[in-house]
*Asks:* 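I'd like to ask some things about the structure below.
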Amino acid sequence: MKLRNILIAGLVTASLASCDDYLDVETPSSFDYDYAYGTLADAEMALNGLYAKLNSVSSSITGGNLILNSDLDFNAYSGETSGTNNPRRFDCTAESSTARSFWQNSYNAIEHCNIFIDQMSKSSFVEDGDKTALQMLGEAKCLRAIFYFEMVWYFGDIPYTLEPSYNYGKEIFDVVDRHQILDDLIADLKDAAKDMQFAADITNGVEHASKEFAWSMIARIAMTNGGYTLMPDKANRASYGKMERPANYLEYYKTAADYCDSVMTLSNHALNKSFVDVFVDECNYVVNNSDDPIFEIPYTKETSGNIGYVHGYKFNAQNGQTNYSWGETSGAVGLHPLVRYLFDEEDVRRDYLIGMWNYTYDGIPTTEPNAYKVYNNKWSKLWSNSPLGNSSTGSTGINFPYMRYTDVLLTYAEAINELENGVSGANGQKAIDAFKEVRSRAFRNSENAADKVDAYIATAAGSQESFLKAVLDERMFEFAGENLRWKDLVRNNLYAEKLAYAFLRMFGVAENNAYPSGYTESVSIYDGKNDEFWDQIPMTIGYKIVENPSKTVNNPRTATFPNNQLDVLEFYNLYENKVVPSGSEWQRGSYYENWCKDGSFNGSVLYSYYGFVRGVDTNSSDVVVVVNNTTTTPLPEVRDASTLPVVRYILPYPQAAIQDSGNAYVNYYGY
């Protein structure tokens, strides 16, 4: 059998490497690996197979299972005991099925990328400098970079090779230091980008990797390699490790700034569309090649992808159907229940992103009785003008924006701020302008835009620390559900601090419902609010069902709920602690009052960050930071974030991979 036939068949997994023995790859002597592509059509079909591999891998990192909990992206967990498969709350073992599936799918995809790159490099088309062939080769290298980049984030130092298994010469790939891997990927993408084309000039636009995506990916990888990472203590496998950054980290920030600058200067991307339209367009299969998206993971309608099914409001089904043609949605990918209070009230992103209710099968909006999370409305099947049918569930075909121009702009601002110790140096104004371009879009229709944008950024630019905080805050407001927040915090060694305060917001609000909290004042100060801010959060919220305002405006997309057929909820006191009038049209919805009843805390408040910080419900509000199962530190004694323990965000190597390696692979970090 020719390799050509295997690749054309969609790069069938079983033909080249077993899904189970994913790192025990024998060199199949029955295959002819001397084949090099005879036609570009063959190569294109094989490349499409690589994008199919991206679909299978990306489901883990876009669908919620591996979007780790933070002060933004959040999934509630009520279990008070440790488990094997809860990586979002830093609570899993080498038996984690989520980690194993991600590992298997990623290495399978990497092997196919390596094969494609090896074979394509041998083709006469590449040797002759064919423009199309070089573009396809570059795309394959970009996809391989995605797979390895994400694996490094989740597993740290990993088995690694850029050679297909039949060239590698070993059955087991050697574990390589993550910094070396990222260095190799940067070099590989620099070489590939030279022969790639801009998205505007290729047939598939931003649904395929382009020159500006390669540049953007170089910047993202460089920032990661220059940032903090959790390194293992190889002398003590029980240790959770230590946060470190390389001594030459500024070199990586310089690389990131340079390649962001290339995208900003030479590509044709701009933030012309509104924030809402960017994502509503994706929900309607509209591809914009010159706006915010730089690379969208492409899915196929009714065939692949769960974007918009796991996101957005939950729409419940009855007997597998709803009374509306959008069908069921799960709403599984949520946000921190209190994050909306961190947004500016005039920021268009707040009311568009944050969903406070769900729908019955017949389209009646109902409140969330406990509000342990809010829905992430960035994408939703409900925004589609061509619904999939009232019995539909997933396979929405909605694309996922793996790289946005917004990310490039804010990465540039962050890199320059670090390189020049603030934004008063040679490139400071350009960094400010990049930041301003993002924030201006969020306040485009605000009557107070000058204060919310110009004055806000001018104040932030007063110091390196305040500008970094403002940039990271802006990234939080922008990237809900895009699997970037926890990585931003790790890169800046802020993950432990932000998790501690995210926990204390929930714990303090819950505690305050039973008796005065000892935490709400300190959290309020940390958030830059008045001392009593978190004491004033309404426990019971008034609401009523109203007609969607989209029905009465010329353009439904100007509203924050871009569906003019469904009713919505209007709230009486969502952002201020007013008493709901008795006997009025307002109904009473129980929200945070159920977080702590009769002095007993709900499990979702206590255990959603289980592997790092959790509460011990002893009716005396004991709170502990978990270092491991036996060592704890009371939170009141660690106001200085530098004294907080590390967050064990690194996942363990799957037990199956360890066994396949003959125990050559070893887990650290206390696993």
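We number each residue from 1, following the sequence as shown.
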*Asks:* When you look at Thr366 and Asn358, which way does the side-chain hydrogen bond (donor to acceptor under 3.5 Å, both in side chains) test go after all the steps?
*Replies:* CA-CA 5 Å; Thr366 61; Asn358 65 73; 2.8 Å; yes
*Asks:* Main chain of Ala257, side chain of Asp261: is a donor-acceptor contact present, judged purely on distance under 3.5 Å?
*Replies:* no
*Asks:* I'd like to know if the side chain of Thr265 and the backbone of Ser262 have a donor-acceptor N/O pair within less than 3.5 Å.
*Replies:* no
*Asks:* For Tyr402, does its backbone N or O pair with a side-chain atom of Glu296 as donor and acceptor, under 3.5 Å?
*Replies:* no
*Asks:* For Val287 and Asn289, which heavy atoms make the closest approach, and how far apart are they?
*Replies:* CG1-OD1, 3.5 Å
*Asks:* So, are Asp351 and Arg340 salt-bridged, with charged N and O less than 4.0 Å apart?
*Replies:* no
*Asks:* Would you mind listing every salt bridge (Lys or Arg N to Asp or Glu O under 4.0 Å) that reaches into residues 447-467, with sequence neighbours excluded?
*Replies:* Asp344-Lys452, Lys436-Asp454
*Asks:* Parallel under 30°, tilted from 30 to 60°, perpendicular over 60°: which one fits the rings of Tyr341 and Phe533?
*Replies:* perpendicular
*Asks:* Please list all pairs meeting ring-ring contact (aromatic ring centres under 6.0 Å, His included) that have one or both residues in residues 266-291, counting only residues at least two apart or in different chains.
*Replies:* Phe275-Phe279, Phe279-Trp379
*Asks:* Are Phe74 and Tyr372 an aromatic pair by the rule of ring centers under 6.0 Å?
*Replies:* no
*Asks:* Could you tell me whether Arg350 sits above the aromatic face of Tyr575, with NZ or CZ closer than 6.0 angstrom to the six-membered ring centre and within 45 degrees of the axis?
*Replies:* yes
*Asks:* Taking only Lys NZ, Arg NE, NH1 and NH2, and the carboxylate oxygens of Asp or Glu, determine whether Lys469 and Glu474 approach each other closer than 4.0 Å.
*Replies:* no
*Asks:* Are any of the side-chain nitrogens in Arg475 or Glu482 under 4.0 Å away from the carboxylate oxygens of its partner?
*Replies:* no
*Asks:* Taking all atoms of both residues into account, what is the closest heavy-atom pair of Val408 and Cys260, and its distance?
*Replies:* O-SG, 3.5 Å
*Asks:* If you compare all heavy atoms of Ala209 against all heavy atoms of Tyr51, which two are closest, and at what distance to 0.1 Å?
*Replies:* N-OH, 3.0 Å
*Asks:* On a heavy-atom basis, which atom in Val471 and which in Leu410 lie closest, and how many Å separate them?
*Replies:* CG1-O, 3.7 Å
*Asks:* Check step by step if ring-ring contact (aromatic ring centres under 6.0 Å, His included) holds for Trp486 and Tyr649.
*Replies:* CA-CA 9 Å; Trp486 69 275; Tyr649 66 88; 5.7 Å; yes
*Asks:* Report the relative orientation of the aromatic rings in Phe467 and Phe435; use parallel for angles under 30°, tilted for 30 to 60°, perpendicular for over 60°.
*Replies:* perpendicular
*Asks:* Indicate yes or no for a side-chain donor-acceptor contact from Trp383 to the backbone of Asn377 under 3.5 Å, with no hydrogens or angles considered.
*Replies:* yes
*Asks:* Flag yes if more than 12 heavy atoms outside Lys314 fall under 6.0 Å of its NZ atom; otherwise flag no.
*Replies:* yes
*Asks:* Do Arg88 side-chain atoms and Ile67 backbone N/O form a donor-acceptor pair below 3.5 Å?
*Replies:* yes
*Asks:* With no hydrogens and no angle check, is any side-chain donor or acceptor of Asp292 less than 3.5 Å from a backbone partner on Arg404?
*Replies:* no
*Asks:* The test is salt bridge (Lys or Arg N to Asp or Glu O under 4.0 Å); show your working for Arg349 and Asp347 and say whether it passes.
*Replies:* CA-CA 5 Å; Arg349 295 169 295 198; Asp347 189 335; 2.7 Å; yes
*Asks:* Ignoring hydrogens and geometry, is there a side-chain-to-backbone donor-acceptor pair from Asp73 to Gly334 under 3.5 Å?
*Replies:* no
*Asks:* Is a donor from one side chain sitting under 3.5 angstrom from an acceptor on the other, for Ser590 and Glu593?
*Replies:* yes
*Asks:* Might you point out which heavy atoms bring Ala332 and Lys373 nearest each other, and give the distance in Å?
*Replies:* O-NZ, 3.1 Å
*Asks:* So which heavy atom on Glu478 is nearest to which on Lys378, and how close?
*Replies:* O-NZ, 2.6 Å
*Asks:* Taking atom types as modelled, is there a side-chain donor on Asp535 or Thr520 under 3.5 Å from an acceptor on the other?
*Replies:* yes
*Asks:* Could you check Tyr352, Tyr456, Phe443, Phe343 and say which one makes a ring-ring contact (aromatic ring centres under 6.0 Å, His included) with Phe477?
*Replies:* Phe343
*Asks:* Run the ring pair (Phe, Tyr, Trp, His ring centres under 6.0 Å) test against Phe479 and tell me which residues pass, sequence neighbours left out.
*Replies:* none
*Asks:* Is any side-chain N of the basic residue among Asp291 and Lys273 closer than 4.0 Å to the acidic one's carboxylate O?
*Replies:* no
*Asks:* Can the ring centres of Phe507 and Trp534 be said to be less than 6.0 Å apart?
*Replies:* no
*Asks:* Are the aromatic ring centres of Trp326 and Phe315 under 6.0 angstrom apart?
*Replies:* no
*Asks:* Can you tell whether the side chains of Arg491 and Asp488 come within less than 4.0 Å, N to carboxylate O?
*Replies:* yes
